[in-house]
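Chain A is the first sequence line, chain B the second, and so forth, proteins listed ahead of strands; every chain is numbered from 1.
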Amino acid sequence: MTTPRLEARHASKTYGATTVLHDAHLTVQPGEIHALVGQNGCGKSTLVKILTGYHAPDKGMELAVDGQPLSLPVQWRSAQAAGLAVVHQDLGLIGHLTVSENIGVGNFIRNRFTGKINWKRQAAAARETLERLQLDIDPLATVESLPAAHRAAVGIARALRGVVPGEGLLLLDEATRSLPRSELAHVHDLIRRVAASGTSVLMVSHSLEEVLTLTDKVTVLRDGRVVGDGVETKNLTEADLARLMLGKSVDAINRDKSGSSYGGVAASITGLQMGGHEPFDLDIREGEVVGITGLPGTGFEQLPYYLGGGRRSAGLVKTRRGQVDLSKTTVDAQMKIGISLVPERRIDEGLAVELSIRDNLALPNIGRKGKPWFVARNWQDSLADESIERFGIKTRGSHDLVRELSGGNQQKVLFAKWLSTDPDLLILHEPTQAVDVGARADLLSAICTTAAAGTGVLLISTEPTDLVETCDRVIVIHPGRKPIELRTDNPDDVLAAVYSAAESVPTPATVS
Amino acid sequence: MSDPSTATHLVEDLPAAPRGSEASDNPTAPKKPTSGRELPAWLRVGMARYALIAVWVLMAAYYWLRVPDLFGTHATFSSIFGSQQVQVFLAMSVLVTSVAGEIDLSVASVMGITATAIPVLATQHHMPLLLACIVGVALAAVAGLINAFFVVIMNVSSFVVTLGMATLLMGVSQAISHTQVVSVQSAALNKISVQPVLGMPVSFYYGILLALVIAYVIAWTPLGRAVVFVGSNPEVARLAGIRVNRIRFGSYVVGSLLAGLAGLILVATVGGFDSSTSMTFLLPALAAVFLGTAVIQPGTFNAIGTMVAIYFLETGIFGLQLLGYSGWIQNVFYGAGLVVAVALAKVIRDRSTKAA
């Protein structure tokens with residue numbers, strides 16, 4: 001038995017009366033890629049924060065790196081000296097500075113006497129770090145000019161700067177989360193190279209697919225306890241993993257896609273201009289879920305903002321309640337004709353996290369349900385209670401701050417907030433981004449229920465599985481080509497259409 | 001290829017171990033601190049909400065015991081509660097911009113320009129007093145418009161704009177007053193502020209009414225809810241159909257208008273103004289607004305909390321003065337009060353999980 005690279009034992013964390021982490025164990029062997037998974041609120045971020053010294057654990061925890069015990073609470077400097085390196089989900093890079101500066105920050109090579117940074121040697125050191133990881137990135141390029149995969153690579157390179165090759169442990173805290181699918185493979189290759197050198201990798205991820213294809217072992221947390229302690233991933237399926245995380249099995253969403261339940265046209269879009277694309281026409285029927293996807297970065301991500309009134313474009317949108325010219329619309333005007341947008345980034349665009357669930361839910365309705373001199377509280381309270389009940393939002397009450405909720409529950413609040421406006425057309429932008437499997441299933445089935453009640457739903461997403469599970473038809477958009485319309489249950493068909501469109505190969509799929 | 005037996009085995013087996021260890025832990029540590037430390041929810045919420053009021057009561061009790069014949073009198077009561085109207089209006093002015101997520105450092109100077117302009121116009125330019133008052137308050141609103149233009153439309157840092165405006169207006173006040181104390185004698189003007197009603201000057205009730213109106217607007221009207229969301233997350237507000245820039249713009253204008261009314265009350269109460277003193281009004285107003293976030297609705301800017309804070313600070317200073325500390329104590333108390341208040345409010349906000 002070799003000495004494990006990282007061994008954490010009896011890790012617990014208690015806040016007042018609630019225990020969020022209960023006697024957790026985590027063992028990572030040298031050169032291993034180890035995943036840490038669990039639903040939101042299962043305690044995995046608490047464990048990570050204990051390892052990075054952000055939280056102090058309860059008494060009784062033991063932590064050792066390469067057999068050498070570390071004192072607790074973790075002092076990040078000594079953990080770093082022992083070989084721990086961390087990359088957070090936002091990567092912590094400064095966009096307008098160069099790769100070299102971003103890699104050097106905190107540990108610049110300076111002149112011993114004047115304290116001036118030796119830029120030449122700093123760039124050389126950065127180049128060396130990048131070469132060690134076999135990365136072909138110019139150290140003098142600004143980070144914002146790099147593609148997403150290279151940005152993630154720079155983040156990893158910075159973390160590994162001080163780590164002796166073949167030793168240490170790289171902790172990736174959802175660092176791959178915001179990467180577009182097309183670039184994920186590059187980063188996975190890099191992670192494999194890092195592990196092949198002997199450095200261990202511990203990664204927190206929400207993507208079960210990523211866990212199964214990339215990692216060797218997985219530790220699963222549920223409700224603050226370890227329920228799967230370093231399980232080999234090669235014999236697991238996504239369903240096994242989901243069952244471990246949830247403690248029950250999740251059913252795939254099954255919708256009746258026969259189209260028998262459609263009503264009239266809920267919304268029709270004509271001549272919508274997206275940069276570089278042909279004018280776009282689309283009718284969405286009542287009760288229909290239409291998916292829209294494409295290659296990330298080609299402009300289809302702007303569609304929800306154009307339709308929601310957040311940004312202007314050219315084109316017309318018509319619903320039963322009226323018609324709006326998209327070149328001079330506002331969010332308010334779109335809401336008036338019954339179009340609501342559930343935006344993508346819930347923290348930046350979706351919810352005011354410092355305010356309560358009730359206040360957030362009531363926001364889109366205060367103008368409509370309130371009088372200019374008085375907004376009653378009754379309907380706000382009942383709306384909040386109904387939403388919590390209906391979507392199964394895990395909270396102690398409607399007065400809790402949104403900040404206190406886990407990501408999946410925040411997403412449910414966001415969904416409920418916009419559904420409460422009773423729209424004709426509900427637009428959802430990446431609704432399952434960074435939510436766990438349980439919340440994902442809840443959200444997707446809520447989408448289906450919404451459609452069944454007669455609302456038209458437009459789902460803009462880059463998740464092929466979400467699209468095929470919920471949508472009646474999926475439209476793949478690519479600049480300079482006619483949109484491709486798919487009716488399929490196989491996510492691979494969607495991926496094939498997205499990438500074949502990119503390669504400009506005509507597809508035999510049903511073209512509208 | 002899946003191996004369900006592995007998975008099931010792990011699910012059922014592993015939680016048992018921690019449960020066992022929990023049981024063996026319990027006898028050795030029978031009373032974990034959780035049970036002793038944990039207070040009932042209502043008490044914790046109450047403590048967070050009303051801690052400042054409790055400190056206020058304790059402070060008053062202390063002064064009462066130390067100097068009973070000075071502190072425990074009706075005169076003291078009316079000095080504390082009847083002297084803060086200008087502060088109330090100015091603090092409400094700061095509050096209005098703060099709720100919308102903005103900062104306006106020029107309110108004291110805006111108040112100063114109104115308080116200077118009214119006597120100057122009425123005496124040196126022989127303008128009818130009513131017109132002078134209207135022009136004075138209108139000047140304040142214009143200052144707010146200019147602030148709003150640069151901050152909201154031109155997108156310049158609000159610190160730079162409002163600090164610049166503060167200094168500029170101070171210069172203008174000094175110019176039109178020739179750096180002298182200006183005054184206006186008018187019984188009618190005096191009356192709108194100091195006319196006693198139920199033992200207190202009438203302007204005391206203006207302050208209470210203003211705070212109640214602002215508290216109501218923030219909590220119970222669409223406008224107020226919109227302002228709160230703009231202050232909390234402008235992008236969320238925008239995507240909910242709120243005209244964010246209009247609200248930011250309005251907050252500067254209304255804030256300056258309230259500062260102008262503070263100037264009007266100041267002139268009406270005192271009868272004159274020394275423009276060089278205007279900046280000394282800024283810090284107490286900021287201190288009150290920030291200290292107000294530690295009470296009633298902890299973690300949020302709130303009008304009633306601000307009122308409590310104003311009278312809390314005044315009680316503290318008044319008592320210290322009765323104990324024989326001279327004028328310098330005011331600056332020490334307000335300065336320390338501001339820092340402690342902001343720190344306290346931050347601690348409370350970080351710890352609070354519910355909206356008040």
Any side-chain heavy atom of [X] sitting closer than 4.5 Å to one from [Y]?
X: A/Glu349; Y: B/Asn233; answer: no
X: A/Phe374; Y: B/Thr221; answer: no
X: A/Asp348; Y: B/Val236; answer: no
X: B/Val217; Y: A/Trp373; answer: no
X: A/Val375; Y: B/Trp220; answer: no

*Heavy-atom closest pair, residues A/Trp418 and B/Ala240*: CH2-CA, 3.5 Å
*What is the minimum heavy-atom distance between A/Glu354 and B/Ser232, and which atoms define it?*
CB-OG, 4.2 Å
*Quick one: which of B/Leu239, B/Ile242, B/Val228 has the most heavy-atom pairs under 4.5 Å with chain A, could you say?*
B/Leu239
*Counting heavy-atom pairs under 4.5 Å to chain A, which of B/Ala219, B/Ala226, B/Pro234 comes out on top?*
B/Ala219
*Name the option with the most non-hydrogen atom pairs under 4.5 Å to chain B; the candidates are A/Gln334, A/His10, A/Glu232, A/Met335.*
A/Met335
Chain B contact via [X] - side chain, backbone, both or neither, heavy atoms under 4.5 Å:
X: A/Arg377; value: both
X: A/Lys336; value: neither
X: A/Asn360; value: both
X: A/Ile347; value: backbone

[atom1] ([X]) with more than 12 external heavy atoms under 6.0 Å:
X: A/Tyr54; atom1: OH; answer: no
X: B/Tyr205; atom1: OH; answer: yes
X: B/Phe150; atom1: CZ; answer: no

*asked:* Tell me if a side-chain donor or acceptor on B/Arg225 pairs with a main-chain N or O of A/Ile366 at a distance below 3.5 Å.
replied: no
*Heavy-atom distance under 4.5 Å to chain A: side chain of B/Leu223, backbone, both or neither?*
neither
